[in-house]
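These values consider heavy atoms only, across backbone and side chains, with no hydrogens, waters or symmetry-generated copies. Order of the sequence lines fixes the chain letters, A, B, ..., with proteins taken first and strands second; residue numbering starts at 1 for each chain.
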2 protein chains.
Amino acid sequence: MKLAAVDVRQAASAADIVYDALRKAIIDGDLTEGENLRQDQIAQMFNTSRIPVREALSRLEQHGLITTERYKGAVVAGLSIEEIDEIFEFRALVEAEVMRLAVPNLDHETLAAARRHCEEFGLETDSARWGEINRSFHYSLYAASKRPYYLQIVRTSLDRIDRYLRAQLTLTNGVMRANREHEAILAACLKGDAELASRLTRDHVLDAGRSLVAFLKDQRA
Amino acid sequence: MKLAAVDVRQAASAADIVYDALRKAIIDGDLTEGENLRQDQIAQMFNTSRIPVREALSRLEQHGLITTERYKGAVVAGLSIEEIDEIFEFRALVEAEVMRLAVPNLDHETLAAARRHCEEFGLETDSARWGEINRSFHYSLYAASKRPYYLQIVRTSLDRIDRYLRAQLTLTNGVMRANREHEAILAACLKGDAELASRLTRDHVLDAGRSLVAFLKDQRA
DNA sequence: ATATTGTATATTGGATCCAATTTTTCTATC
DNA sequence: GATAGAAAAATTGGATCCAATATACAATAT
């Protein structure tokens, strides 16, 4: 008897599913700052008991995406202007270094993929997708750094501020500038100029941070 | 009626207690790499049910301190040489920057505390305490950077490699050199030379990483 | 004797129930 | 009608019980 080999992959646990869904909802901004997260309500949404929900909430709290208080429950964490500023500063430091380390390892395939993401970003008209494509562009280059720990940190940092970034990315001029900066970074990568790519990445992140902070200061005032 | 003001602090939940205890045991090296963590056994140790234990394990997994597999359980995570190397490289980047940012904010009190930790490190003979004092010294300076997010990241990074570092810190020559480097960093801080303090911190971390990696390569061969 | 199959045990993930505490609602009183 | 206090509802953290699966070991066939 002949059978095709089937990749029986481990099914994710309920806690994993709930965690992934809530994380996505928070970084997408579908759950807004300060919003209450009732264990019971979430459990019903996912057709589970509160146990896996609590585990998911506990993980989210570890990553700073929510805060919890006994007998009170969990709320989506908000960030102060100062905290947002600090995270952008941190990202600029780490992502610039990741970019520097990535350039020597970039091959044609990776560069082609990055170019596709870059073009896609320029052509996309659905503002809801900009954030996602933006991540894809940067990550496709960052991956060449072969620094999984750095990338994990970048991911958790980005998770914290992504929803604010998306709010600001809906402003068209922000997208235009981001697109120009992406092209400049890509050009530096094609030239193999690690220092330039690193500096441009740093400025790209700091720029985004500055305009976001300005946007939020205005909005919150 | 007069009552002394009592700091009624929120009692930590059982999950918090278990998490803290396990985290400490892992970073202190009391739980060794690959060691099995049975929920039932841990629950009995802390006189609780498995529920808070599972929550604690879930958090530890998020921080990379353990790995879990369904129906198999949790084991203390081990790090490859490459992973350790990467974490030291990362720490060097971030801690150098934190040090640079801290120097302009250092006041007499902070410097005095750092000096005390530095001297304590030189005088301490109990090798088990070196790791702890080492952290105190660096953190006392880092705190002046006023960058809570950076510091949180530094903490989780240090958590991952602390037990290896402690194993290596038992070698007296490692402590001697660390002590000299601490004094040099402190001197740069006293001079208010942020660039120098930053560079020395970077080298201090990279040095520790290099000798640790050499030590482990030898040990694991 | 060895390999294979079946069974018992160990262990995890999840459901349901309980205790503690907060928040809300209702009621009695002014 | 407003307010203080009590009862009810809501909500969380934890304990106990159940289902699913892996591992260890015994029984059996070759």
Let's go through A:Ile133 and A:His182 carefully: what are the C-alpha distance in whole Å and the side-chain angles of both, what is the deciding distance for side chain to side chain contact (heavy atoms under 4.5 Å, CB included) to 0.1 Å, and is it a yes or a no?
CA-CA 11 Å; A:Ile133 302 173; A:His182 288 173; over 6 Å; no
So, is A:Lys72 close to the C:dT23 phosphate, meaning a side-chain N or O under 4.0 Å from OP1 or OP2?
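Checking C:dT23 against A:Lys72, a side-chain N or O does come within under 4.0 Å of OP1 or OP2.
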Side-chain N or O of B:Gln41 less than 4.0 angstrom from OP1 or OP2 on C:dT11?
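It does not, given that no N or O in the side chain of B:Gln41 lies less than 4.0 Å from OP1 or OP2 of C:dT11.
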Whole-Å gap separating [atom2] ([N]) and [atom1] ([X]):
X       : N      : atom1 : atom2 : result
B:Gln44 : D:dA15 : CD    : P     : 13 Å
B:Glu69 : C:dG13 : CD    : C1'   : 14 Å
A:Gln39 : C:dT22 : CD    : C1'   : 14 Å
B:Asp40 : C:dA10 : CG    : P     : 10 Å
B:Tyr19 : D:dG13 : OH    : C1'   : 19 Å
B:Glu55 : D:dT12 : CD    : P     : 13 Å
A:Arg70 : C:dT23 : CZ    : C1'   : 17 Å
B:Arg59 : D:dG13 : CZ    : C1'   : 11 Å

Donor-acceptor pair, A:Thr32 side chain versus A:Glu35 backbone, under 3.5 Å?
no
Record whether the side chain of B:Arg54 comes under 3.5 Å of the base of D:dG14 through a donor-acceptor pair of N or O atoms.
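Absent.
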Is there a donor on the side chain of B:Arg50 or the base of D:dG14 sitting less than 3.5 Å from an acceptor on the other?
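When only heavy-atom distances are counted, B:Arg50 does not reach the base of D:dG14 through any donor-acceptor pair under 3.5 Å.
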B:Ala21 and B:Phe46: which non-hydrogen atoms are nearest, and at how many Å?
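Shortest heavy-atom contact: CB-CZ, 3.5 Å.
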Whichever of B:Ile51 and B:Arg38 has the more 5' nearest nucleotide on DNA chain C, that residue is B:Arg38
What's B:Leu57 touching, base or sugar-phosphate or nothing? Going by heavy atoms closer than 4.0 Å.
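The answer is nothing, as B:Leu57 stays clear of every strand by at least 4.0 Å.
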Checking all strands, does B:Thr68 fall into the base, sugar-phosphate, or nothing category for heavy-atom contacts under 4.0 angstrom?
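No contact at all - B:Thr68 keeps every heavy atom at 4.0 Å or more from the nucleic acid.
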Within the 3.5 Å criterion, strictly below it, is a donor on A:Arg59 or B:Ser58 matched to an acceptor on the partner's side chain?
yes
Rounded to the nearest 0.5 Å, how far apart are OH of B:Tyr149 and CD of A:Glu83?
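B:Tyr149 OH to A:Glu83 CD: 11.0 Å, rounded to 0.5 Å.
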